[in-house]
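Some notes on the structure that comes next.
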Amino acid sequence: MDGVALLTIFVLAVFVGFEVVSKVSSTLHTPLMSGANAIHGIILLGSVIVAGQADSTWVLVVALVAVVLATMNLVGGFVVTDRMLEMFKGRGGER
Amino acid sequence: MDGVALLTIFVLAVFVGFEVVSKVSSTLHTPLMSGANAIHGIILLGSVIVAGQADSTWVLVVALVAVVLATMNLVGGFVVTDRMLEMFKGRGGER
Amino acid sequence: MNLLPTTWTGLLYLFATVCFILALRGLSSPRTARRGNLIGAFGALVAMVTVFLSTALDNVLLILIAIAVGAAIAVPVSHRVKMTAMPQLVALFNGVGGGAAALVALLELRSSSGFGALLAVAFTVLVGAVSFAGSGVTFAKLQEMMTTRPVLLPGQRWLMGASLAAALVLAALVLATGQTWLAAVLLVVGLVAGVLLVLPVGGADVPIAISLLNASTGLAVAASGFVLGNVLLLVGGTLVGASGTILTQAMAAAMGRSVTGILFGALKGGSTAGSTAVSDRPVRSSSAEDVAILLGYAGRVVVVPGYGLAVAQAQHTMAELASTLETRGTEVIYGIHPVAGRMPGHMNVLLAEANVPYEALEEMDQVNPKMKTADVALVVGANDVVNPAAETSPGSPIYGMPILKVSDAQQVVFLKRSMRPGFAGIENELLYEPKTTLLFGDAKESLTKVLAAVKNL
Amino acid sequence: MNLLPTTWTGLLYLFATVCFILALRGLSSPRTARRGNLIGAFGALVAMVTVFLSTALDNVLLILIAIAVGAAIAVPVSHRVKMTAMPQLVALFNGVGGGAAALVALLELRSSSGFGALLAVAFTVLVGAVSFAGSGVTFAKLQEMMTTRPVLLPGQRWLMGASLAAALVLAALVLATGQTWLAAVLLVVGLVAGVLLVLPVGGADVPIAISLLNASTGLAVAASGFVLGNVLLLVGGTLVGASGTILTQAMAAAMGRSVTGILFGALKGGSTAGSTAVSDRPVRSSSAEDVAILLGYAGRVVVVPGYGLAVAQAQHTMAELASTLETRGTEVIYGIHPVAGRMPGHMNVLLAEANVPYEALEEMDQVNPKMKTADVALVVGANDVVNPAAETSPGSPIYGMPILKVSDAQQVVFLKRSMRPGFAGIENELLYEPKTTLLFGDAKESLTKVLAAVKNL
Ligand SMILES: NC(=O)c1ccc[n+]([C@@H]2O[C@H](COP(=O)([O-])OP(=O)(O)OC[C@H]3O[C@@H](n4cnc5c(N)ncnc54)[C@H](OP(=O)(O)O)[C@@H]3O)[C@@H](O)[C@H]2O)c1
Ligand SMILES: NC(=O)c1ccc[n+]([C@@H]2O[C@H](COP(=O)([O-])OP(=O)(O)OC[C@H]3O[C@@H](n4cnc5c(N)ncnc54)[C@H](OP(=O)(O)O)[C@@H]3O)[C@@H](O)[C@H]2O)c1
């Protein structure tokens, strides 16, 4: 994929990111931050690719460290966000 | 540019389009419709490319017709939108 | 010319794309709307300069002439058009855009291959043609070159079904063979389908049909961007398609209609009720002096402006009357129906021109609860937007549309020229009610007389 | 494995991208937030399965073990963490993500060429390292492993300047040579810069710093997506970067702070005022019975919950007290400060758990005008959010933050355990005012006693 295409995708994603959260209430700031935090854990995908194509031991070791860290980000992020939002459940049911 | 990249761009643009107008007041429906109408007049760009690469007379003629039509859309669209919005000017100045 | 390297071309197109996004963002808020439109125009300009600088083009002179011709037609028309005729002009411009997209796709077919590209070509040809023909019909309806009432041809359902089937078969053939003449036939079928689609749409619903066709043209342009591999067309068209879809729904919701109901309601035979026959039951008409007394001694007056105010260009007189009443201690508020006039926001624009302060304009939901405490509801050239048939007669074409409840006020005064109905072509029972007073005449003349009489009170 | 053709891989990544967008959309509204988060997790799952099916990977077993290790650390911690400790956990997860991005970029450097790719690598290494180290410091601050007050090393300004200069030089060298060891040095410099950046941030501002680092990590991930040519990383990271930026600003605005002020305010020497010294001026403390009488005969009570309510897990007792008071005819409303507790929305979550109706919770702007008509303001485990120093002492670390004006009420009752200050570490003059009554003790115990006493009235 050429650079301009990637740049276009980047620019559009910036607009989507801006617009999507522009009207969020302060109650949801923390869960939103936490959920967004989980999303960037997708760097796990990059870590896996790098680890899977490692050509020397030190590269493999560093990449595996990255895999562990990224997994914590991705998995932990979604779990902790879900736990936060669980609290809202009761209220939703009541309405 | 490959198909998946174009598709990604398309999907992101759909989200941008949805989000951007999701909170517009009914007062602005007509100018917004008119402005959006002008934007799709950018088909002029496509018409020009096709006309500029025409390899036979009938293609050229049809493409030139497309150029005329698209120009009307693009130019007329922006001018008429501006005229509509001119009406709002007075009020803005007053505030 | 090939003056620009590919990367630069891409970046300039990206710049134009961003301009288009900012244009739509800007247009979504009154404060930034005009600037937004200009940003969009600037983006388009940059893109057009870029295409000439970056692409090897023949026939440049002819192309420039064609552009000049298009601009020479569009600019003066846009400048001269009356406020009230703007919707049909938008419809017209939308239609020609759709036509251009269809023609571009038709010509691109010869150099396209692959399932995706052929599908996009067939889509663009069909949708562009539908948009072209459909917009033509909406133009004719709004321009009153034909009846504004729903038109149902004999066997309309079958015709629709047949053209749909033909379109599908032709699209499949285009996909299979890639023949340009088949695509041309598809284009013709699209024209027929466009006409059939819009004919049954009742006059009041035409703006929604225009908005829908506008969104479709956007998608057609996006598809042709896909065919040409041009990101700007792709994004620009998609933005219009997506935002247009949302907009169509918002407009329909403001009129209390559903989009499918508008397109296919008449086919099911629902909205052909109502009658243009003017009955000759008695009404109470009175003089400008009587109206002046009613207004001059009222505590609160709700003004309901409508299409007639725009036609008569009576907004300045109206504003003067309102301020005269206010110096006498009468509170005057304007009740603005979202679809009063001939385009959404018509009344806001009109009254803003007459320097009516923004705060005095109240939307339907705000003003309806206040009607009960109003001494007079002054209906100036409005009809459908106060017609109780929207609430009471299920068969009526405007049934379900929310209205301004002027009948809750103590007295109702109508300023209109005759007993003729409004846009939707149905009678208004309110005109015959005992609490209603009619002052016949052009809105501007009537208001001038009332104003003079108020000043003499 | 190479089971999937390239197009399918692309489509599945696109699917995951859409899931991420829908996740953020969902998270922006209370009704859909939980579903949104699950959609995001599903998208990530699809993406991870796709990468294993579509890419030729060695060491698959080791990779799976590493993933298992990561999950085995993260899941139990996430399950067991207390509500109040969630912000530091988010900080921790953010940090490790940044670290992973930096490492990935470091390793990718060897196979990258071209200005754009090298620039993206340098950016990711630097920003990822800053995010890793900065998040570590925020974690330590929130976990109270170090002081929560702004820390200023001697010559902090010079250190910051030096590390910035070193980072720029190293980045330029990486761009010029593409040497991995230079990037590794850049990484170390990034770690130092991250620590220096966050040390001067005062405790109360830490959540904003976390949000900012979160957005930075997003951008680092986006840049590594650019390096790897992976659209999912690019879009996912960009979404977080863009939305995180907006979110950071919104959070700062809710606390009445500016983002630059938070990061660089201490450097300018502004916010080091305030003192942890507890003075020994006299205060008025009283018994649960006295408080019960105050509350039981009040017409309107405004409850201001804070961090102490959360620590004591007293929300259920509080809700019971409120409903008991209401049956006695006392109106009870909750005044919710946006940053009460240790994370935005903390109080809403807590009280929702105790089934306090949503309508009883009022935001700062709503409740402040009502303070004047309140007989009692009951401050339960809150301190900073009612501290008038925010309005009166320009040197104080919380100066400029909007507060709940409990001093406007007839009487103020504080439930807290001691005279110790709150999170920001500054004394609260309000505790010494004549209209203030203190009831010392754990919030839950105090409330239980007050509740019993009210029932006996
Ligand atoms: N706003 C939109 O987006 C939009 C777009 C298209 C259609 N529509 C439809 O248009 C209608 C708008 O309702 P409306 O109440 O504003 O208008 P209307 O129902 O069309 O009524 C206009 C009234 O003004 C009177 N009138 C015309 N010229 C006049 C003049 N010079 N002086 C005084 N009176 C004059 C007419 O009666 P006389 O002939 O007896 O004078 C007519 O009864 C709705 O049906 C709406 O759905 C709206
Ligand atoms: N919401 C956020 O996003 C967020 C995040 C991080 C930081 N902050 C900051 O945290 C602060 C929040 O203000 P706040 O007023 O809610 O809390 P605060 O200022 O930290 O005060 C909490 C008070 O609760 C008392 N307390 C603690 N445990 C208690 C218990 N078991 N029973 C009774 N009282 C207890 C403490 O006094 P004793 O020790 O004397 O009992 C303390 O004075 C602000 O400075 C804010 O900026 C907010």
Side-chain angles (χ1 to χ4, degrees), chain B residues 1 3 6 9-10 13-14 16-18 20-22 24 26-43 45-52 59-60 62-85 87-88 90-91, chain C residues 20-21 24-25 27-28 30 33-34 37 40-41 44 47 51 57-58 63 66-67 69-71 73-75 78 89-90 93-94 96-97 99-101 103-104 107 116 211 214 217-218 221 224 226 228-229 233 235-240 242-244 246 251 254 338 343-345 348-349 352-353:
Chain B
M1 215 176 275
L6 289 173
I9 291 174
F10 170 74
V14 167
V16 175
F18 276 162
V20 157
V21 302
S22 63
V24 63
S26 72
T27 316
L28 284 172
H29 282 174
T30 304
L32 184 57
M33 176 167 88
S34 179
N37 174 41
I39 286 176
H40 67 51
I42 196 64
I43 185 66
L45 200 152
S47 315
V48 166
I49 293 178
V50 173
V59 170
L60 181 60
V62 174
L64 287 178
V65 171
V67 170
V68 173
L69 296 182
T71 307
M72 288 173 65
N73 185 180
L74 187 72
V75 177
F78 283 117
V79 173
V80 87
T81 309
D82 190 60
R83 267 207 61 203
M84 270 181 217
L85 292 169
M87 308 294 178
F88 284 86
R91 191 193 301 166
Chain C
F20 286 170
I21 297 175
L24 284 183
R25 268 173 75 118
L27 281 164
S28 304
R34 202 166 178 208
N37 186 53
V51 74
L57 296 174
D58 301 329
I63 294 174
I67 292 180
V69 170
I73 301 173
V75 174
S78 309
L89 198 62
V90 173
F93 289 155
N94 176 49
V96 294
L103 294 181
V104 169
L107 299 179
S211 177
N214 188 35
T217 308
V221 171
S224 70
F226 186 77
L228 292 167
L233 294 195
V235 177
T238 308
L239 285 174
V240 177
S243 62
I246 298 279
M251 284 170 70
M343 53 188 198
N348 301 62
V349 168
E353 201 200 326

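As the structure is a computational prediction, the values presented were derived from the model and not from experiment. So you know, we letter chains A, B, ... as the sequences are listed, proteins then strands, and number each from 1.
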- Task: Kindly compute the distance separating CG (C:Leu27) from CG (B:Leu32), expressed to the nearest 0.5 Å.
- Result: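 One finds 5.5 Å between CG of C:Leu27 and CG of B:Leu32.
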- Do side-chain atoms of C:Asn37 reach the backbone of B:Phe78 as a donor and acceptor pair under 3.5 angstrom?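 Flag set: sc C:Asn37 to bb B:Phe78 pair under 3.5 Å.
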- Side-chain donor/acceptor of C:Asn214 to backbone N/O of B:Ala36, under 3.5 Å: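 Not at all, since once roles are kept as given, no pair shorter than 3.5 Å links the two residues.
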Heavy-atom pair count under 4.5 Å with chain B, highest-scoring of [options]:
options                              : result
C:Val69, C:Leu24, C:Val235           : C:Leu24
C:Leu233, C:Val75, C:Leu107          : C:Leu107
C:Ile21, C:Leu228, C:Thr217, C:Ile73 : C:Thr217

Any idea which heavy atoms bring [X] and [Y] closest together, and the distance?
X       : Y       : result
B:Leu28 : C:Ser28 : CD1-C, 3.7 Å
B:Leu69 : C:Gly99 : CD1-C, 4.3 Å
C:Phe93 : B:Asn73 : O-CG, 3.3 Å
C:Arg25 : B:Val20 : N-CG1, 3.5 Å
B:His40 : C:Asn94 : NE2-OD1, 2.9 Å
C:Ser78 : B:Val79 : CB-CG1, 3.6 Å

- Query: Who wins among B:Ala66, B:Ser47, B:Ala70 for the most heavy-atom pairs under 4.5 Å with chain C?
  - Reply: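 Option with the greatest count: B:Ala66.
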- Out of B:Val75, B:Val16, B:Val65, which one racks up the most heavy-atom pairs below 4.5 Å with chain C?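 So the answer, after comparing B:Val75, B:Val16, B:Val65, is B:Val16.
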- Query: What's the verdict on side chain to side chain contact (heavy atoms under 4.5 Å, CB included) for B:Ile43 and C:Ser224, showing C-alpha distance, side-chain angles and the deciding distance?
  - Reply: CA-CA 8 Å; B:Ile43 185 66; C:Ser224 70; 3.2 Å; yes
- Task: For side chain to side chain contact (heavy atoms under 4.5 Å, CB included), just list the numbers for C:Val240 and B:Asn37, CA-CA rounded to whole Å, side-chain angles, deciding distance to a tenth of an Å, and then say yes or no.
- Result: CA-CA 7 Å; C:Val240 177; B:Asn37 174 41; over 6 Å; no
- Task: Start with the C-alpha gap between C:Leu239 and B:Ile39, add the side-chain angles, then the distance that decides, and say whether side chain to side chain contact (heavy atoms under 4.5 Å, CB included) holds.
- Result: CA-CA 9 Å; C:Leu239 285 174; B:Ile39 286 176; 5.6 Å; no
- Heavy-atom proximity to chain C below 4.5 Å, by part of B:Leu60: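 Contact with chain C involves the side chain of B:Leu60 alone.
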- Heavy-atom distance under 4.5 Å to chain C: side chain of B:Leu74, backbone, both or neither?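 Answer is side chain: those atoms of B:Leu74 sit under 4.5 Å from chain C.
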- Does the pair B:Met84 and C:Val90 meet the rule for a side chain to side chain contact (heavy atoms under 4.5 Å, CB included), with working shown? CA-CA 11 Å; B:Met84 270 181 217; C:Val90 173; 3.9 Å; yes
